[in-house]
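These notes are about the structure you will find just below.
As the structure is a prediction and not an experimental result, all values here were calculated from the model. Below, chains carry the letters A, B, ... as their sequence lines are ordered, and counting in each starts from 1.
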2 protein chains.
Amino acid sequence: MASLTIRLHPADNVVVAGVDLLPGTPLPDVDTGTDIATRAAIPSGHKVAVRAIAVGEPVRKYNQVIGFATQPIEPGDHVHVHNTGMGDSFERDYAFSADAHPTAIIPEAERATFQGILRPDGRVATRNYIGVLTSVNCSATAARLIADKFRGDALDAYPNVDGVVALAHGYGCGMGAQGEAIDALRRTIAGYARHPNFAAVIILGLGCEVNQIDRLVEAEKLDPSETLHTMSIQDLGGTASAVRAGVERIKALLPKANEVHRQTVPASHLTLALQCGGSDGYSGITANPALGYAVDLLVRNGGTAVLSETPEVYGAEHLLTRRAVSREVGEKLVERIRWWEDYTSRTGGEMNNNPSPGNKKGGLTTILEKSLGAVAKAGTTNLVDVVRYAEPIVGPGLVFMDTPGYDPVSATGQVAGGANVLCFTTGRGSVFGSKPTPSLKLATNTPLYRKMTDDMDIDCGPIATGDATIEEIGRAIFQLILDTASGQKSKSELLGVGADEFTPWQMGAVM
Amino acid sequence: MASLTIRLHPADNVVVAGVDLLPGTPLPDVDTGTDIATRAAIPSGHKVAVRAIAVGEPVRKYNQVIGFATQPIEPGDHVHVHNTGMGDSFERDYAFSADAHPTAIIPEAERATFQGILRPDGRVATRNYIGVLTSVNCSATAARLIADKFRGDALDAYPNVDGVVALAHGYGCGMGAQGEAIDALRRTIAGYARHPNFAAVIILGLGCEVNQIDRLVEAEKLDPSETLHTMSIQDLGGTASAVRAGVERIKALLPKANEVHRQTVPASHLTLALQCGGSDGYSGITANPALGYAVDLLVRNGGTAVLSETPEVYGAEHLLTRRAVSREVGEKLVERIRWWEDYTSRTGGEMNNNPSPGNKKGGLTTILEKSLGAVAKAGTTNLVDVVRYAEPIVGPGLVFMDTPGYDPVSATGQVAGGANVLCFTTGRGSVFGSKPTPSLKLATNTPLYRKMTDDMDIDCGPIATGDATIEEIGRAIFQLILDTASGQKSKSELLGVGADEFTPWQMGAVM
Ligand SMILES: [Ca+2]
Ligand SMILES: [Ca+2]
Ligand SMILES: [Ca+2]
Ligand SMILES: [Ca+2]
Ligand SMILES: [Ca+2]
């Protein structure tokens, strides 16, 4: 059963109705110090004021500004378009760093830990794969044929190796040899090649592709070595020889790759990728704020999280510029927003996140509030950096990476940037995985969790029914992140999902 | 050893030097009725006149106009930019149908035949697969997990079934729900779903994707039936249940799918896809004209061939408009050329096929001649139709399908259009395959054939060394097409290549 109201953050001056509320319904104690009854009918999903809000004062949800009172608002009032708006000056003002605030970092000795794999160069892994990457679609089949040889019991002698995984894609030729599209593809492949979750990597090409491996290695300053090999099918004399060479190489790599052990390391070595897909009406009130709570915990423990999906914050980028640690960081986000405006005007895409009539009927008052549903999963700490697609993510703290909203493409950029755990909230039911990075799926509602229990890692539905708080589920998510980083298999790993989700952003025209 | 000269078509007034020729080199009899000696130094790959060409008369190579004499040309003269140009009026004049001519169709009783699989509705297949198609990247892994269950000896009881193949892709969401990009994706998936080489097909989706299966079925007038099933992972309750359901469905389909036998059918049931990739200096003088010879044979036998890769004929579309059976067909091609001009100007791509200084040094005189190297593989018959990407190819005769030049994307459109055999010429060494359509690879030179013999189906190199004629190799290609259509495995099939090459054209912005 749904609870009467859901309180998304203690600092909020509104709560969300969990069911349709009649006028005069007494609300349970919401820590405001006074008893409150509704002063109007409040449809399920809509907002009720729990404090008085004077004209011009901000309305806060998820401890974020979602708009400003345009009429005086009393406790118990329905808060919606009739008494709340964006505020003209707010709409035009990025207010760089206006809401930035010190983060209560936990002292080192008290920080959470996990069982990680320490690489010789100091990087920390959460998994231990051998990867076969490709420069172009033409080497996709050969890469898969190589990985296929290590199915079944082939790795029984190497219990510390999680698998040999081929990450193929459909791009790499029929594109310009210079420009942002090939730059992004190179960053993506290089990011995976450098990912700590790979003990070793082979990059396999055909030979005549536009995305030449030599130039990729040079542009990205990769270092071919004992653990990074490049191969070309044309040089090796064809598919069968390339597969043989790849298999032999991996056989030679396995003993060393197996020589790892997990050890206690601080949670500050985690970089958590944030995704949502197949959202529903519960995403913004259960799974996303609970994940946001976990992200705040992670950041307080010295860790890093990465929020993405630029089209989903378009028009509400103020939410992030206000939280930027500096004007410079905020302006990096604005620059990306401008890039998207140009990109979509050129390519005929549409970016318009304004609340639709349907959104408004559901209780969303402003574009800020709509985007907040997605941004809530990033918690409440400062925005410390903005990076382009597949660029290295350097924390600690919350970083924004510019990506499309399409989940596999977005997550591919985040993993390329170094994410070593991923959390994916879903209301409709995602079946995502993202090798070599373990991926956790957070159901926004209990019926979904029950229906797709083999795919869902955690149920955030009890928040909506009042059977758990955001804090409780948030802490459970944080613990599951630590356990998963320590080697506990996620649902998608148990199912064998995660290789086909490698989908680099195809940014330019296919020629 | 290379021969002195290569004669690409008996009607040509030029031949190509196979080696550097000194002035005064007597040329072997080239059926012109006179003995000829070179009147200048002719670099290897450059053209020598074998007949006198008056100012304004066309220079013909592959029996196609590649330009016009700008100076009087004598037999033995070097033919290049100093005495040959495009001709201003030619450049601006599409001359619709000017070169169209009757095709000498072989009487039905004398036509070539192959051993085909006749489907109940009259379509003819060259292979007999069960397909698992996907609407979106999110169902890719589940589709592969289904097909994986039919590896090894799982199909031993069904010897007439060639395999269960998952054709996944990275697209289907993060895109507009309307417009040319989703239309092209729907056509592609529907074209595969209808392909005669599938005994039965499952289309697997996630459930919440932009590319909704119901709308795909409706828009493409697909007919869910005993042999066409649609499934959604969210409806079925997750990855594991969807895989179980898919596997059970296929097990139920196998006995019926196995009830096929091959029978003698005319070659008119063949639709041959033409591709070239990883071209080299020999492509235009060995493999492409030999394949063109085979295409002419196929068309004379009532069959159909499909040429594609619009960016590779850009600027030389006159070659095809002149051969169009009607102005209407020619104008369809011009309309596609205009579309590409708009597409590339919007997306920052480059289309410029002009011979570069390097091309000119190699002996290419005009843009027409450069593109002719690629167009030569389509033979010399009339252009009977022009279709958009992944539209049904309806012959008989030579059809042009508008596609990018990127091979896997181009071939995916051709197979979606109904191609049931594919020939791919390559100088650098392609490892292409295209399930469910068998794919033959034609090496342009013998060293490549020897180096990648496990991948190459036929060696066209002997044309360059004078050890075989274009006609001889052309006839061998035609016979190999018939044998392959009859069930003989191609090299890529023996290697297990062909599922990862399914790459629908991603035409719009990824959002
Ligand atoms: Ca892929
Ligand atoms: Ca998402
Ligand atoms: Ca998304
Ligand atoms: Ca090609
Ligand atoms: Ca090509």
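Put simply, of Lys451(A), Met511(A), Glu209(A), the one with the most heavy-atom pairs under 4.5 Å next to chain B is Met511(A). When each of Thr453(B), Asp148(B), Thr403(B) is scored by its heavy-atom pairs under 4.5 Å with chain A, the top score falls to Asp148(B). Listed options Val497(A), Ile233(A), Leu145(A), Thr310(A) were ranked by heavy-atom pairs under 4.5 angstrom with chain B; first place goes to Val497(A). The choice from Gly433(B), Ser139(B), Ala143(B), Cys173(B) that makes the most heavy-atom pairs within less than 4.5 Å of chain A is Cys173(B). Comparing Arg346(A), Met456(A), Lys491(A) by heavy-atom pairs within less than 4.5 Å of chain B, the highest count is held by Arg346(A). For the options Gly207(B), Ala168(B), Gly238(B), heavy-atom pairs under 4.5 Å to chain A are most numerous at Gly238(B). Each of Gly179(A), Ser430(A), Pro408(A), Pro404(A) has some count of heavy-atom pairs under 4.5 Å with chain B, and the biggest count is that of Pro404(A). The candidate from Gly237(B), Gly174(B), Ser410(B), Gly176(B) with the greatest count of non-hydrogen atom pairs under 4.5 Å with chain A is Gly237(B).
Distance check: Leu236(A) CG to Met452(B) CE gives 9.5 Å after rounding to the nearest 0.5 Å. For the atom pair OG1 of Thr426(B) and CG of Leu206(A), the computed distance is 7.5 Å after rounding to the nearest 0.5 Å.
Within the 4.5 angstrom heavy-atom criterion, no atom of Asp280(B) approaches chain A. Leu495(A) touches chain B through backbone and side chain together, each having a heavy atom under 4.5 Å away. Both the backbone and the side chain of Thr141(B) have a heavy atom closer than 4.5 Å to some heavy atom of chain A. The contact between Val409(A) and chain B is made entirely by side chain atoms (from C-beta outward), counting heavy-atom distances below 4.5 Å. For a residue to count as touching a neighbouring chain, one of its non-hydrogen atoms must lie under 4.5 Å from one of that chain's; by this rule Thr344(B) touches chain A with the side chain only.
Looking only at distances, a side-chain donor or acceptor of Gln234(B) sits under 3.5 Å from a matching main-chain atom of Arg428(A). Counting only distance, with no hydrogens or angles, the side chain of Asn137(A) and the backbone of Asp500(B) share a donor-acceptor pair below 3.5 Å. No donor-acceptor pair under 3.5 Å is formed between the side chain of Tyr343(B) and the backbone N or O of Ala509(A).
In this structure, Gly278(A) and Cys208(B) approach most closely via the heavy-atom pair CA-SG, 3.8 Å. In plain terms, the two heavy atoms of Tyr406(B) and Val136(A) that are nearest each other are OH-CG2, 3.7 Å.
Using a 4.5 Å heavy-atom cut-off against chain B, no residue of residues 435-450 of chain A qualifies as contacting. Below 4.5 Å, heavy atoms of chain A meet heavy atoms from Thr239(B), Ala240(B), all part of residues 239-246 of chain B.
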